[in-house]
Amino acid sequence: MVKLRKLEPSDLPFLYQWENDASAWPDSSIHNPLSRQDLRDYIASTTGDIYADRQLRLVIECNGAAVGCIDLFDLDIRNRKAAVGMYVAPDFRGKGIGLQAVQLLEEYASVQLNLRMIYAVIATSNEPCSHLYQKAGFTPSSPLPAWTLEADARVWTKLFQ
């Protein structure tokens with residue numbers, strides 16, 4: 001069973017491992033390792049309120065174990081939209097956990113936050129991620145040539161209303 005929850009201080013070891021997974025950096029805005037102190041400070045400073053922090057990081061739990069995290073960020077209150085980013089630990093990929101996490105986040109974003117759209121920017125070379133968002137009902141749009149030094153990207157959108 002997959003659920004989403006707020007970050008806790010006990011998540012530090014997982015967060016440290018996930019944020020320092022250099023293989024995920026090309027698909028994120030991370031470009032350098034983060035220290036345990038950086039992450040301790042982040043956990044301590046985040047309120048869990050997307051309106052105050054302008055982002056929301058939630059831990060993905062499967063059967064009680066932390067297996068990844070999913071974020072809403074770049075919150076645009078006026079236009080009621082936010083970007084989605086997700087990381088699932090390598091041992092838990094390909095098991096439907098990411099899809100369930102996205103679906104839970106969709107429900108929270110549309111019902112609780114009253115957003116009208118969420119979107120993800122995915123490298124065109126990241127076929128598993130593109131497939132996941134397609135399966136979740138996102139629509140591909142807006143190609144982004146040379147979006148990063150490594151790859152082109154595409155915006156995937158999900159409208160709620």
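In this structure, Asp11 does not pair ionically with Lys6, as no charged nitrogen and carboxylate oxygen lie closer than 4.0 Å. Ionic pairing of Glu19 and Arg57 is present here: one or more N-O contacts between side-chain nitrogen and carboxylate oxygen are shorter than 4.0 angstrom.
By the 4.5 Å heavy-atom criterion applied to side chains, Arg54 and Leu72 are not counted as neighbours. Using a 4.5 Å heavy-atom cutoff, the side chains of Thr157 and Lys81 are not in contact. The closest side-chain heavy-atom distance from Asp152 to Leu144 is not below 4.5 Å. For the pair Arg154 and Trp147, the minimum side-chain heavy-atom distance is 4.5 Å or more. Counting heavy atoms from C-beta outward, Val67 and Phe14 have side chains that stay 4.5 Å or more apart. The side-chain heavy atoms of Ser130 and Trp156, taken from C-beta on, include a pair separated by under 4.5 Å.
At a cut-off of 3.5 Å, with distance as the only test, a side-chain donor of Asp41 or Gln37 sits close to an acceptor on the other residue.
Asn20 and Pro33 get closest at one heavy-atom pair: OD1-CA, 3.0 Å. The heavy-atom pair separating Gly48 from Leu56 by the smallest distance is O-CD1, 3.4 Å. Nearest heavy-atom pair across Tyr51 and Leu75 is CD2-CD2, 3.8 Å.
Under a 3.5 Å cut-off, the side chain of Asp71 and the backbone N or O of Phe73 do not form any donor-acceptor pair. In this structure, the side chain of Thr46 does not engage the main chain of Tyr42 through any donor-acceptor pair within 3.5 Å. Checking side-chain atoms of Lys158 against main-chain N and O of Ala136 turns up a donor-acceptor pair under 3.5 Å.
More than 12 non-hydrogen atoms from other residues, nucleotides or ligands lie less than 6.0 angstrom from CZ of Arg40. Shown here is Gln103, whose CD atom has more than 12 heavy atoms of other residues, nucleotides or ligands within 6.0 Å.
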Go through the steps for Trp18 and Cys69 under the test side chain to side chain contact (heavy atoms under 4.5 Å, CB included), then give the verdict.
CA-CA 9 Å; Trp18 300 334; Cys69 53; 4.1 Å; yes
Using side chain to side chain contact (heavy atoms under 4.5 Å, CB included), reason through Leu4 and Tyr108 one step at a time and then give a plain yes or no.
CA-CA 10 Å; Leu4 305 179; Tyr108 179 75; over 6 Å; no
Go through the steps for Val88 and Lys95 under the test side chain to side chain contact (heavy atoms under 4.5 Å, CB included), then give the verdict.
CA-CA 10 Å; Val88 175; Lys95 300 177 187 216; over 6 Å; no
Please walk me through it: do Tyr133 and Val84 pass side chain to side chain contact (heavy atoms under 4.5 Å, CB included)?
CA-CA 10 Å; Tyr133 281 96; Val84 178; 3.5 Å; yes
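Taking the centre and axis of the six-membered ring of Tyr87, the NZ or CZ atom of Arg93 falls inside the cone set by 45° and 6.0 Å.
Using a 4.5 Å cut-off between side-chain heavy atoms of Ile, Leu, Val, Met, Phe, Trp and Tyr, with links allowed through other members, Ile70 and Val111 fall into different hydrophobic clusters. Met1 and Ile60 are assigned to two separate hydrophobic clusters, defined by single-linkage of ILVMFWY side chains at heavy-atom distances under 4.5 Å. Residues Leu132 and Leu159 do not share a hydrophobic cluster, clusters being chains of Ile/Leu/Val/Met/Phe/Trp/Tyr side chains in contact below 4.5 Å.
Separation of atoms CG (Leu99) and CE (Met86) is listed at 8.0 Å; rounding is to 0.5 Å. Here CG of Asp53 is found 3.5 Å from OG1 of Thr47. Values are rounded to the nearest 0.5 Å. Here CZ of Arg36 is found 11.5 Å from CG of Leu15. Values are rounded to the nearest 0.5 Å. One distance of note links CG of Leu7 with CG of Leu58; it measures 7.5 Å at 0.5 Å rounding.
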Expected list for residues 112-123: side-chain donor-acceptor pairs under 3.5 angstrom, two or more places apart:
| from | atom 1 | to | atom 2 | distance (Å) |
| --- | --- | --- | --- | --- |
| Arg116 | NE | Asn79 | O | 2.9 |

